[in-house]
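Heads up, the thing below is written out as structure tokens.
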Amino acid sequence: AAAAQGVPTVTVAGPTRVSATRPWGGRSRVVQTRERLPCMPCYGTPLYGNCPFGVKCMKQVTEQQILAELAPYFRG
């Protein structure tokens with residue numbers, strides 16, 4: 001809802017199909033692991049909640065990646 005109203009949003013995505021679940025809007029950004037895991041996306045499959053990779057899709061997203069996406073909104 002925020003992205004649809006033009007509010008800047010940063011979404012950390014992991015086990016979902018980003019193309020289908022990302023927020024839409026010119027001020028929305030998506031951060032996800034740079035490593036493509038063979039199980040991605042697992043949401044809606046038997047692997048969801050039983051990750052054989054220790055949820056790497058979420059744990060490998062770094063603070064630096066998130067801050068880099070937020071930075072444009074804080075520049076004067």
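Here the straight-line distance linking atom CZ of R29 with atom OG1 of T9 works out to 9.5 Å at 0.5 Å rounding. With rounding to the nearest 0.5 angstrom, the CD atom of E35 is 8.5 Å from the CZ atom of F53. Between R17 atom CZ and C42 atom SG the span is 11.0 Å, to the nearest 0.5 Å. Here the CZ-OG1 distance, from R34 to T62, works out to 6.0 Å after rounding to the nearest 0.5 Å. Going from atom NZ of K59 over to atom SG of C51 covers 8.5 Å, rounded to the nearest 0.5 Å.
Cluster annotation: V10 is not connected to V7 through the hydrophobic network of ILVMFWY side chains, with a link wherever side-chain heavy atoms come within less than 4.5 Å. Neither M58 nor V30 shares a network with the other; the hydrophobic side chains, linked directly or stepwise wherever heavy atoms of I, L, V, M, F, W or Y lie under 4.5 Å apart, form separate groups for each. V31 and F74 end up in the same hydrophobic cluster when Ile, Leu, Val, Met, Phe, Trp and Tyr side chains are linked at under 4.5 Å. Taking hydrophobic clusters as Ile, Leu, Val, Met, Phe, Trp and Tyr residues chained together by side-chain heavy-atom distances below 4.5 Å, V55 does not share a cluster with Y48.
Considering T16, T33, L47 as possible partners of M40, the one that fulfils the side-chain contact (heavy atoms from CB on, under 4.5 Å) test is T33.
Pairing each heavy atom of L37 with each of C57, the nearest pair is CD1-N, 3.7 Å. Residues G25 and S28 come closest through the heavy atom pair O-OG, 3.0 Å.
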